[in-house]
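Working notes for the structure below.
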Amino acid sequence: MKMVQIKDLVHRYFRRDDDDNIIETIEAIAGVNMDIEKGQFIAVLGHNGSGKSSLAKHINGLLQPAEGAVYVKGMNTSSEEEIWRIRQSAGIVLQNPDNQIIGNIVEEDVAFGPENIGVPTQDIWTRVAESLEAVGMEAFRMSSPNRLSGGQKQRVAIAGILAMEPECIILDEPTAMLDPKGREDVIRTIHRLNKEKAITIILITHKMDEVVDADKVFVMDHGKVVMSGTPREVFSDVEKMKTYRLEVPHAAELAYELRKEGIPLSETIMTKEELVEALCQLS
């Protein structure tokens with residue numbers, strides 16, 4: 001069974017006037033299809049307004065389809081009877097960790113999710129300890145979240161989702177508000193969770209360097225999936241990425257510019273190590 005299936009998904013927003021009359025219909029998602037296997041690391045890229053954040057909220061059931069359907073482990077997100085099981089299976093981490101952290105101390109915050117879904121008390125604290133260890137925050141268990149850095153807060157938010165033992169985690173721009181060190185910590189954490197715990201990761205981002213190790217990349221523009229494939233397949237088409245106002249990893253960009261100057265380099269170069277090796281072979 002696939003972890004997530006998205007079939008012909010359409011989502012619309014309505015802009016209203018002061019009298020609550022609809023004056024504009026905006027199609028934020030326009031017929032998206034996507035299959036995600038258990039254990040995959042998936043990246044969804046797109047410029048602001050491309051529909052990627054709306055897509056994230058559909059996978060967790062926070063938004064409902066206008067048309068089409070979204071299934072998590074075969075459960076329809078439009079089913080009221082299934083929605084809590086869906087949210088146990090697929091947790092979402094939002095862009096701003098302050099919007100998810102509600103406890104006065106870290107362990108209380110991480111315990112909130114499993115407590116709400118009825119996990120027995122004796123099991124909650126085991127989950128809290130294991131989740132904080134998984135994200136490298138066990139030393140901050142009794143700390144106030146207000147005293148943590150942005151990257152630390154985001155890892156606590158991830159621990160709160162982990163404590164619910166989901167099989168899939170959706171991360172909606174989780175590093176957008178972080179400094180470079182915080183971004184590095186969070187990306188390293190989610191890669192480790194994917195590899196060591198086989199948790200399916202769906203990373204929503206517009207930062208190309210965060211997704212070079214993904215299993216598959218989907219690029220969205222104006223509510224549609226306009227490109228898909230492995231990172232090498234997607235990032236090799238630099239010109240097409242630029243038409244969607246997206247960059248490619250720095251090494252891929254430099255290799256592209258060098259190719260334009262007549263230097264015979266592969267279109268699949270993505271890392272600085274690969275670029276250095278390719279240049280050395282030409283000397």
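Values below: every heavy atom of this structure, side chains too, minus hydrogens, waters and symmetry copies. No experiment lies behind these values; they were computed from the predicted model shown.
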### Trace of the side chain to side chain contact (heavy atoms under 4.5 Å, CB included) decision for I36 with I202
CA-CA 9 Å; I36 298 171; I202 303 172; 3.5 Å; yes
#### Entry: Minimum heavy-atom distance between P65 and H58, given as atom pair plus value
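In terms of heavy atoms, the two residues are closest at N-CE1, 3.3 Å.
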### Task
For residues M3 and E37, report the shortest heavy-atom separation together with the two atoms involved.
CB-C, 4.1 Å
Inspect the surroundings of [atom1] in [X] and state if more than 12 heavy atoms from other residues, nucleotides or ligands are less than 6.0 Å away.
X: N104; atom1: CG; result: no
X: E253; atom1: CD; result: yes
X: F112; atom1: CZ; result: no

### Task
Would you mind checking if R232 and E274 are paired as a salt bridge, meaning a charged N to carboxylate O distance below 4.0 Å?
yes
### Message
With a 4.0 Å cut-off on N to O distance, would you call E138 and R141 a salt bridge?
### Response
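No salt bridge links E138 with R141.
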Rounded distance (nearest 0.5 Å) linking atom [atom1] of [X] with atom [atom2] of [Y]:
X: M75; Y: R87; atom1: CE; atom2: CZ; value: 12.0 Å
X: T175; Y: I190; atom1: OG1; atom2: CD1; value: 8.0 Å
X: L258; Y: L254; atom1: CG; atom2: CG; value: 4.5 Å
X: D179; Y: E184; atom1: CG; atom2: CD; value: 10.0 Å

#### Entry: Note, K57 side chain near H11 side chain (heavy atom, < 4.5 Å)
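The answer is no; the side chains never approach within 4.5 Å.
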### Short side-chain to backbone donor-acceptor contact, Q100 and L94, under 3.5 Å
yes
### Short side-chain to backbone donor-acceptor contact, N76 and Y71, under 3.5 Å
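Between the backbone of Y71 and the side chain of N76 there is no qualifying donor-acceptor contact (under 3.5 Å).
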### Geometric class of the H191/F41 ring pair [parallel <30°, tilted 30-60°, perpendicular >60°]
parallel
### Task
Would you mind telling me which of I158, I187, I161, T205 makes a side chain to side chain contact (heavy atoms under 4.5 Å, CB included) with L171?
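Answer to the side chain to side chain contact (heavy atoms under 4.5 Å, CB included) test with L171 among I158, I187, I161, T205: I158.
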